J.: 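The structure's right below; bear with me while I get my questions together.
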Amino acid sequence: MDKVVATALEAVADVGDGASLAVGGFGLSGVPNVLIQALYERGVSGLSVVSNNCGAMESGLAVLLSAGRIARVTGSYIGANKEFARQYLGGELEVEMIPQGTLAERLRAGGAGIPAFYTPAGVGTQVADGGLPWRYDGSGGVALASPPKEVREFDGTEYVLERGIRTDFALVRAAKGDRHGNLVFNKSSRNFNPLAAMAGRVTIAEVEELVEPGEIDPDAVHLPGIFVQRVVALTPEQAADKGIERRTVSAPPARGTVGS
């Protein structure tokens, strides 16, 4: 089955207001910027987003966040995104913060058809006990807090019950993909992208290099095409457009030192 769609706008045409999205990427690595921009151009709003973070440096999900298009974020990192923090603390945005490993497993479990699982992460904290502020009232008070979760003991150790995550759509970016939707991710972009792709009921992948079926060694496939419904081939310019989140430059070594 050829899953290639001509344009990003066509690929996200049925993503409506209020949809839930699992979005891949970590920092600026492996972020489906072209698909996110297509959503922005369509004017979709009221989105519930599941992603490790919510964009950085005015790119990625920060494009939708700054435009007021996101209503709820499920993630594990706010970082240096000042607009994210402002909207959260100001009561404009509902935020469910989750331990990073738990978030990854909740996405994977949802994609694997596992409704819930037990983990020791968060036991004895507000993650399990409840009370984490999901939404502030804009005056410093908590308008909506997280509920308590079931805690159960196995072999003398307590574990908290966490539910698998399923979303209406998933947006991911791959280094290479074929027309059947088999995907290969490059290095650190492999962290959340495959898991987000598994969680989406309709998964849309933007690929930097589109190849024909059979050109990817089956042993090299990171995510099989059964999890992908649409593929968008990026232009060379789009594929090469990659930012650096924090540029660090070292001073040159002094003359006469080792390596000079």
Side-chain angles (χ1 to χ4, degrees), residues 1-5 8 10-15 19-39 44 47-55 60-61 64 73-77 98 100-115 117 163-211 213 216-234 238-239:
M1 180 185 297
D2 191 342
K3 300 178 181 178
V4 175
V5 179
E10 183 181 343
V12 301
D14 56 347
V15 180
S20 59
L21 306 172
V23 182
F26 188 95
L28 301 185
S29 176
V31 179
N33 288 310
V34 175
L35 292 170
I36 291 170
Q37 182 64 32
L39 281 181
V44 181
L47 297 169
S48 293
V49 172
V50 182
S51 185
N52 172 66
N53 54 52
C54 205
L61 287 170
L64 296 172
V73 175
T74 301
S76 59
Y77 184 67
I98 303 173
Q100 195 166 75
T102 300
L103 175 62
E105 181 60 12
R106 286 183 67 182
L107 289 165
R108 190 204 67 82
I114 299 170
F117 60 92
R163 298 192 61 178
I165 292 175
R166 291 286 280 164
T167 57
D168 300 324
F169 296 88
L171 308 180
V172 299
R173 180 173 181 139
K176 183 184 293 186
D178 65 20
R179 292 181 178 274
H180 291 172
N182 298 301
L183 303 180
V184 178
F185 302 95
N186 187 34
K187 298 181 174 63
S188 58
S189 65
R190 189 179 172 184
N191 43 36
F192 277 96
N193 269 301
L195 307 173
M198 292 175 68
R201 295 180 177 88
V202 175
T203 294
I204 309 167
E206 59 181 61
V207 300
E208 297 172 9
E209 180 185 0
L210 178 66
V211 301
I216 302 176
D217 185 327
D219 284 339
V221 172
H222 295 148
L223 184 80
I226 192 172
F227 290 107
V228 179
Q229 283 68 48
R230 300 169 196 166
V231 175
V232 177
L234 301 182
Q238 289 171 330

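All values derive from a computational prediction rather than experimental measurement.
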J.: Might you point out which heavy atoms bring Leu61 and Asn53 nearest each other, and give the distance in Å?
T.: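 In terms of heavy atoms, the two residues are closest at CD1-O, 3.7 Å.
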
J.: Report the residues that fulfil side chain to side chain contact (heavy atoms under 4.5 Å, CB included) with Val172, sequence neighbours left out, ordered by chain and then residue number.
T.: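 With neighbours one apart ignored, the set is Leu183, Asn193, Ala196, Ala197, Thr203, Ala205.
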
J.: How would you list, by chain and number, every residue that makes a side chain to side chain contact (heavy atoms under 4.5 Å, CB included) with Asn182, sequence neighbours excluded?
T.: Asp178, His180, Val221, Pro224

J.: Considering only residues two or more places apart or on different chains, which pairs with a residue in residues 189-204 satisfy salt bridge (charged side-chain N to carboxylate O under 4.0 Å, His left out)?
T.: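 Pairs touching residues 189-204 that pass the test: Asp168-Arg201.
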
J.: Tell me the closest heavy-atom pair linking Ile204 and Leu35, and the distance in Å.
T.: O-CD1, 3.6 Å

J.: Looking only at non-hydrogen atoms, find the nearest pair between Gln100 and Asn52 and report the distance.
T.: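 Result for this residue pair: NE2-OD1, 2.7 Å.
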
J.: How about Val207 and Val232: do any of their side-chain heavy atoms sit closer than 4.5 Å?
T.: no

J.: Mind checking side-chain hydrogen bond (donor to acceptor under 3.5 Å, both in side chains) for Thr102 and listing every partner two or more places apart, or none if nothing turns up?
T.: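 Thr102: no side-chain hydrogen bond (donor to acceptor under 3.5 Å, both in side chains) contacts found.
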
J.: Are more than 12 heavy atoms, taken from residues, nucleotides or ligands other than Ile114, located less than 6.0 Å from that residue's CD1 atom?
T.: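 Yes.
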
J.: Is there a side-chain contact between Val50 and Val73, using heavy atoms and a 4.5 Å cut-off?
T.: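 No, their side chains stay 4.5 Å or more apart.
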
J.: Got a second to check how far Phe169's CZ is from Ser20's OG, nearest 0.5 Å?
T.: 8.5 Å

J.: Determine the minimum heavy-atom distance between Gly111 and Phe227, stating which atoms define it.
T.: O-CE2, 3.8 Å

J.: How close do Ile165 and Ala199 get, heavy atom to heavy atom, and via which atoms?
T.: O-CB, 3.5 Å

J.: Using the test side chain to side chain contact (heavy atoms under 4.5 Å, CB included), find all partners of Glu208 that sit at least two apart in sequence or belong to another chain.
T.: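 Glu208 satisfies side chain to side chain contact (heavy atoms under 4.5 Å, CB included) with Arg173, Ala175, Leu234, Ala239, Lys242 once adjacent residues are dropped.
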
J.: Could you measure the distance from the CZ atom of Arg106 to the CZ atom of Arg166? Nearest 0.5 Å is fine.
T.: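 It is 14.0 Å, given to the nearest 0.5 Å.
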
J.: Listed by chain and number, what are the side-chain hydrogen bond (donor to acceptor under 3.5 Å, both in side chains) partners of Asp219, not counting sequence neighbours?
T.: none

J.: Using the side chain to side chain contact (heavy atoms under 4.5 Å, CB included) criterion, which residues pair with Glu209? Sequence neighbours excluded.
T.: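 Testing Glu209 for side chain to side chain contact (heavy atoms under 4.5 Å, CB included), a comparison that skips the adjacent residues, returns Lys176, Val211.
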
J.: Enumerate donor-acceptor pairs with a distance under 3.5 Å from any side-chain N or O in residues 25-33 to protein atoms, sequence neighbours excluded.
T.:
{"from": "Ser29", "atom 1": "OG", "to": "Ser188", "atom 2": "OG", "distance (Å)": "3.0"}
{"from": "Ser29", "atom 1": "OG", "to": "Ser189", "atom 2": "N", "distance (Å)": "3.4"}
{"from": "Asn33", "atom 1": "OD1", "to": "Gly60", "atom 2": "N", "distance (Å)": "3.0"}

J.: Ignoring hydrogens and geometry, is there a side-chain-to-backbone donor-acceptor pair from Arg230 to Ala11 under 3.5 Å?
T.: yes

J.: Could you tell me which residues satisfy side-chain hydrogen bond (donor to acceptor under 3.5 Å, both in side chains) with Thr74, sequence neighbours excluded, listed by chain and number?
T.: Arg72

J.: Can you name the side-chain hydrogen bond (donor to acceptor under 3.5 Å, both in side chains) partners of Asp2, sequence neighbours left out?
T.: Arg179

J.: Show the nearest heavy-atom pair for residues Ala19 and Val15, with the distance to one decimal.
T.: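 Here Ala19 and Val15 meet closest at CB-CG1, 4.0 Å.
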
J.: Got Pro194 and Phe185 here, is their nearest side-chain heavy-atom distance under 4.5 Å?
T.: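 They are in side-chain contact.
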
J.: Answer yes or no: is there a side-chain heavy-atom contact under 4.5 Å between Val4 and Leu210?
T.: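 Side-chain contact under 4.5 Å: yes.
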
J.: Applying side chain to side chain contact (heavy atoms under 4.5 Å, CB included) to Val184 and Ile216, what does each step give before you reach the verdict?
T.: CA-CA 8 Å; Val184 178; Ile216 302 176; 3.8 Å; yes

J.: CG/Leu195 to CG/Leu103 distance, rounded to the nearest 0.5 angstrom?
T.: 8.5 Å

